[in-house]
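Note that the structure is a prediction, hence the values are computed from the model and not measured.
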Amino acid sequence: MEKAREVLVIGGNRYFGKRLIARLQAAGDRVTVLNRGSSAPPAGAAHLIADRDDEDALRTALGPRAFDVVVDQVCYTPRQAAIARRVFTGRTNRYVMTSTVEVYEYEDSADLVGETAVDPLAVPVDLELPWDDPEFLDAHYGEGKRQAEAVFAAPGPELPYAAVRVAHVLGGADDFTGRLQHYADRIRAGEPIAVPAANHPATYVHVDEIADFLHWTVGQDFTGPVNAASHGLLTTEELCEAIAAHIPSGRTAFRTVEVGETSPFSFARGYAMDNSRAEKLGYPFGDVRRWLQQAVAETLREDN
């Protein structure tokens, strides 16, 4: 039998993070969860409590422990990445950072966007920006992830890392984002759904599929960024059609806006992700249209 791996998961107590932990445990890995103590880890996981933004507290919580793999579910800023790189260099053989499709927020491509469109080595890092300000961080989510990737990629003491750029996640009764519910509420009430004049389709991934992919990534040895998305594109209209199938008394109406806030899954630019690197590395993604209705039914279970 293979030796059980020691895996540290930073954050990840909900949604696809808890699914990842369940998969690791089912495979026989010894899982430790590190968070600030606001929530208990899943049953069977060890628990370390520390604020990851406090380097001394993080080192104290870890003590002399080392891990085969670290999965960082909550690295949002270059400051957090810099602390993690200092603390975990020499403590782990592999560091997996959960990144996001939003690193491509400045792209506008008619073609699927590959990893080379955002090279972490070419991303400037500014540690002095107000990353501790929640409003600033929320408004610069993609930039924070870009710069965090850049910190892990920069020359220096070796910390083998992979950055999983996660597509928009759908599915699960525990979807806390409220994005599909946004559409369901408007369809049920017959209220118009705001979309940009040029509304581009996007790539998505099911909550179970991204948990599977992260679990697979833990056991691989590739480094650098990798896109994680199901095959196929969905438009806002297709999403709403799938939702409306669960709300027969509802009415779907769209309102085009030139400026201002649009609905959650409507995009004024094209930056759908190319998943061919992951496929070449050996991971077979499914097709979004095969699981879309399942995802909607899971999330809008009260409408069934």
Side-chain angles (χ1 to χ4, degrees), residues 15-17 19-20 23 71 73 96-119 142 145 149 162-173 175 177 179-180 183 195-196 198-220 222-246 263-300:
Y15 209 32
F16 61 84
R19 288 168 170 80
L20 167 63
R23 284 157 172 76
V71 183
Q73 291 280 78
V96 178
M97 171 195 165
T98 301
S99 190
T100 174
V101 61
E102 296 303 328
V103 300
Y104 300 119
E105 65 181 335
Y106 299 140
E107 302 301 315
D108 190 359
S109 172
D111 300 320
L112 297 177
V113 177
E115 291 85 355
T116 57
V118 175
D119 178 0
K145 288 288 192 179
E149 285 191 30
V164 178
R165 294 173 176 172
V166 181
H168 306 290
V169 183
L170 298 176
D175 180 358
T177 66
R179 292 176 293 191
L180 286 186
Y183 290 110
V195 295
N199 190 16
H200 293 264
T203 40
Y204 295 84
V205 66
H206 190 272
V207 62
D208 287 327
E209 188 168 40
I210 189 56
D212 287 339
F213 182 75
L214 285 167
H215 180 237
W216 175 82
T217 299
V218 164
Q220 303 303 304
F222 69 85
T223 58
V226 61
N227 291 340
S230 295
H231 293 293
L233 301 171
L234 291 177
T235 64
T236 309
E237 290 79 7
E238 287 173 305
L239 270 174
C240 289
E241 181 181 349
I243 294 167
H246 295 265
S263 61
F265 293 128
S266 56
F267 305 100
R269 61 201 178 281
Y271 63 123
M273 293 196 298
D274 180 352
N275 64 15
S276 60
R277 183 181 188 218
E279 293 258 324
K280 289 174 182 176
L281 287 167
Y283 189 86
F285 280 105
D287 189 286
V288 65
R289 286 175 177 78
R290 290 182 178 267
W291 55 255
L292 176 59
Q293 285 293 345
Q294 172 193 342
V296 172
E298 293 166 350
T299 305
L300 304 182

>> Working note: Y106 + V118, criterion side chain to side chain contact (heavy atoms under 4.5 Å, CB included); need CA distance, chi angles, decisive distance, verdict.
In response: CA-CA 10 Å; Y106 299 140; V118 175; over 6 Å; no
>> As a quick check of understanding, evaluate side chain to side chain contact (heavy atoms under 4.5 Å, CB included) for W291 and D208, giving each step before the final call.
In response: CA-CA 10 Å; W291 55 255; D208 287 327; over 6 Å; no
>> side chain to side chain contact (heavy atoms under 4.5 Å, CB included), that's the test. Do H215 and R19 meet it? Break it down for me.
In response: CA-CA 9 Å; H215 180 237; R19 288 168 170 80; over 6 Å; no
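One finds the OG1 atom of T217 at 7.5 Å from the CD1 atom of I210 (value rounded to the nearest 0.5 Å). Separating the CD1 atom in I243 from the CG atom in L180 is a distance of 4.5 Å, to the nearest 0.5 Å. The CD atom of E115 sits 6.5 Å away from the OG atom of S276 when rounded to the nearest 0.5 Å. The CG atom of D119 sits 10.0 Å away from the CD atom of E149 when rounded to the nearest 0.5 Å. Taken to the nearest 0.5 Å, the NE2 atom of H168 stands 11.5 Å off from the OG1 atom of T177. Here the CE atom belonging to M273 is positioned 13.0 Å from the OG atom belonging to S109, to the nearest 0.5 angstrom.
Annotation for Y104 and G114: closest pair OH-O, 3.5 Å, computed over non-hydrogen atoms. Among all heavy-atom pairs drawn from Q73 and G17, the shortest one is NE2-CA, 3.2 Å. Counting all heavy atoms, side chain and backbone alike, L214 lies closest to V96 at CD2-CG1, 4.3 Å. Here the closest heavy-atom approach between residue T203 and residue G232 is recorded as CG2-O, 3.8 Å. Across P201 and A272, no two heavy atoms sit closer than the pair O-CB, 4.3 Å. Of all heavy-atom pairs between F267 and N199, the closest is N-OD1, 3.0 Å.
Listed by chain and number, the residues in a ring-ring contact (aromatic ring centres under 6.0 Å, His included) with F16 amount to none (sequence neighbours excluded). Residues that satisfy the ring-ring contact (aromatic ring centres under 6.0 Å, His included) test with Y15, not counting sequence neighbours, are F176. Residues satisfying the ring-ring contact (aromatic ring centres under 6.0 Å, His included) criterion with F213, sequence neighbours excluded, are W216, Y283, F285. With sequence neighbours left out, H200 forms a ring-ring contact (aromatic ring centres under 6.0 Å, His included) with no residue at all. Every residue two or more places apart in sequence or in another chain was checked for a side chain to side chain contact (heavy atoms under 4.5 Å, CB included) with T116, and none qualifies.
Counting only heavy atoms from C-beta outward, the side chains of L239 and Y204 approach each other to under 4.5 Å. Side-chain contact between V164 and V226: present, with at least one pair of heavy atoms (C-beta onward) separated by less than 4.5 Å. Contact annotation: the side chain of V205 approaches that of V166 to within less than 4.5 Å [non-hydrogen atoms, C-beta and beyond]. The closest side-chain heavy-atom distance from V296 to L170 is not below 4.5 Å.
In this structure, D108 contributes its side chain and G270 its backbone to a donor-acceptor pair below 3.5 Å. No side-chain donor-acceptor contact under 3.5 Å links E107 to the backbone of V113.
The stretch residues 268-292 participates, sequence neighbours left out, in these salt bridge (charged side-chain N to carboxylate O under 4.0 Å, His left out) pairs: E102-R269, E238-R289.
Shown here is E241, whose CD atom has no more than 12 heavy atoms of other residues, nucleotides or ligands within 6.0 Å.
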